[in-house]
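Here the structure is a predicted model, which is why all the values come from computation and not from measurement. In what follows, every heavy atom counts, from backbone to side chain, and hydrogens, waters and symmetry copies are set aside.
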Amino acid sequence: MDRNARKRRRRDTRGVSRRIKRAAATALLAIVLLTQTALADTRQSLDALARDLDGSFETLLSSERIVPGDAISDWIALVSGRCGGSDGDYLQRLETYVTECYTQKGALDRVKSTEWHRISLTVLALGGDPTAFGTDADGQPINLIADGTYDWHTTKSPDIQGLNAWIYALLTLDAKAYAVPEGAAYPREAIVQAMIGSQEPDGSFGLNRGHGNVDITAMALQALAPYANGTPRYASPNGADITVGDAIEQALTWLHTQQASDGSFSNSCSTAQVVLALCDLGIAPSDFTKDGHSAKEGLLSFLTPDGLFRYLPTDETHDIMSTEQGILALAAMERLEHGQRRIFDYREEMEESLRQQIQSLNGELAALTEDTPAQRIEELYAQYQSLPAAERSYVSAYPHLEEAMERLGLPLAEDDPVAAYNLTPPTETKAHGNTAPMLWLFAAAGIIIVIVIGAVVVRKKGIKQHV
């Protein structure tokens, strides 16, 4: 695709999302001066969830109803950890679970790599190290990051369970910017390519090709957010080479078409995932609107009076899965409002000076017009380039700068976030991918189908994705 064609396509696809990003970046300047309600909402909902599980915020993860290794329990633990809750003995019990799985079965699951991803993210949220968590049958430390992402061997390919395997592999790798060894089976760029190559013509993403949906599209945006400003191009299904930013713009435009007039996305789980995606992209959910109602309003519409979440607005009672996803979305909004890292970015928080520099740059970029002098554009681009490469994705208003640079014919330097994110060397541990029983590789197709279907929780009221 030639340069002019790329420019035309960007103008066609960035209309809705660019206006949203401009409003969001401007709004972020005022956030530090306002008292926000997200923190109170998050704590209120966590307290309510703890009471529902016969505990308190301080004892939530010690509840007998919270079982390490169970999907919903792990997500509740992750939410609690990201919100400053006590882990009780959950981390220790989770490590015991991982050890038992490896010693008895050789791995965490026969098919689903997302078991490794979910547990890794939970371990990080509770202050543990997933690169040395539990021991295998030989007494060697287990590297959940390697086994579940770049060194996956349990099945022929991680995506046997669908696109969410690639999504959560990328989220897990980037949670602490884990380095991928040279020659790994699934390096970052291959995962990004697999995701871009799975985007539907309308801009959506789905668990499987041809079936785009809100949940998977929003999850894909969460994983791609750190790569939004990168210059590398990836092959898309329509034959064009596009940047991750291009794919994000198309997905945002599609999501806007799926938004209901009350700001929601059909159910609380889908709405929560969209809110998470918007926060990861630096877009205030209060700015993503349909008919005057925002995604934030849509999410809050599912709250019960005691702070839990319903799945549908018409449900009489709350739903545990909806509640943990809803609280995670509340926590993400809180982090955005306070200029903190993304909900799945577990690196140390930025130095205050760097955070303020990025905030100021976002404000200036959001205010760019066609009358802004070329010299000022070049100065702002120099400021952007001076930022640490692994932090540039937090400049959510970068598309305005890119557009101005292209309009003026100014060159853009090559900027590959993949290289920037290979920062944290993994702990040297034994690879476990080949130790899983060979029976798993030759399981009957019917059994595999049942397991894969089990990754999607089906309710009479709708379908909810979970890992």
Side-chain angles (χ1 to χ4, degrees), residues 102 106-108 113-117 119-121 123-124 128-136 138 140-160 163-198 220 223-236 241-245 247 344-348 385 387-393 413-436 441:
Y102 268 76
L108 295 178
S113 62
T114 52
E115 292 294 302
W116 280 262
H117 309 151
I119 290 176
S120 293
L121 293 172
V123 170
L124 285 168
D129 179 8
T131 68
F133 194 73
T135 54
D136 64 12
D138 296 326
Q140 297 297 312
I142 297 167
N143 188 336
L144 295 173
I145 300 297
D147 291 356
T149 60
Y150 59 80
D151 197 35
W152 175 260
H153 289 94
T154 304
T155 59
K156 183 177 180 180
S157 174
D159 65 355
I160 189 173
L163 186 63
N164 58 344
W166 294 127
I167 290 170
Y168 280 93
L170 197 56
L171 282 170
T172 301
L173 278 175
D174 292 343
K176 268 209 163 180
Y178 290 106
V180 177
E182 186 176 353
Y186 301 103
R188 269 185 176 82
E189 55 268 29
I191 298 175
V192 174
Q193 176 57 75
M195 292 181 60
I196 299 300
S198 299
L224 292 173
Y227 305 87
N229 299 345
T231 57
R233 298 187 175 277
Y234 298 88
S236 66
D241 291 338
I242 64 174
T243 65
V244 171
F344 294 124
D345 187 345
Y346 294 87
R347 294 175 295 161
E348 292 292 328
Q385 286 285 301
L387 296 173
E391 308 295 1
R392 291 174 190 161
S393 66
E414 292 296 316
D415 190 357
D416 187 0
V418 166
Y421 269 78
N422 271 316
L423 298 177
T424 306
T427 301
E428 290 297 327
T429 58
K430 177 183 176 181
H432 300 91
N434 293 319
T435 64
L441 298 179

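- For the pair L144 and T172, the minimum side-chain heavy-atom distance is 4.5 Å or more.
- For E414, the side chain to side chain donor-acceptor pair (under 3.5 Å) partners two or more places apart in sequence, or in a different chain, are T231.
- We find the CG-CD1 distance between L108 and I142 to be 7.5 Å, quoted to the nearest 0.5 Å.
- In terms of heavy atoms, S157 sits closest to Y186 at CA-OH, 3.6 Å.
- The side chain to side chain donor-acceptor pair (under 3.5 Å) search around Y168 returns none, not counting sequence neighbours.
- Within the 4.5 Å cutoff, the side chain of Y102 has no heavy atoms near those of the T135 side chain.
- For A185, the side-chain contact (heavy atoms from CB on, under 4.5 Å) test picks out no residue, with sequence neighbours left out.
- A search for side-chain contact (heavy atoms from CB on, under 4.5 Å) contacts involving Q385 returns Y381, R392, A413, D415, not counting sequence neighbours.
- Applying the ring pair (Phe, Tyr, Trp, His ring centres under 6.0 Å) rule to F344 yields no partners; only residues at least two apart in sequence or on another chain are considered.
- Not counting sequence neighbours, the partners of S393 by the side chain to side chain donor-acceptor pair (under 3.5 Å) test are R342.
- Residues forming a side-chain contact (heavy atoms from CB on, under 4.5 Å) with A169 (at least two apart in sequence, or on another chain): H117, T149, I191.
- Y346 OH to K176 NZ: the interatomic distance, rounded to the nearest 0.5 Å, is 10.5 Å.
- Residues A146 and Y150 come closest through the heavy atom pair CB-OH, 3.4 Å.
- With a 4.5 Å cut-off on side-chain heavy atoms, W116 and T154 count as touching.
- Put simply, the side chain of D138 never gets that close to the backbone of Q140: no donor and acceptor are under 3.5 Å apart.
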Legend entry - Pair D174-R188, side-chain contact (heavy atoms from CB on, under 4.5 Å): steps then yes or no: CA-CA 9 Å; D174 292 343; R188 269 185 176 82; 2.8 Å; yes
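- Contacts of A194 classified as side-chain contact (heavy atoms from CB on, under 4.5 Å), with partners at least two apart in sequence or in another chain: W166.
- With a 4.5 Å cut-off on side-chain heavy atoms, N229 and P417 do not count as touching.
- With sequence neighbours excluded, no residue forms a salt bridge (charged side-chain N to carboxylate O under 4.0 Å, His left out) with D159.
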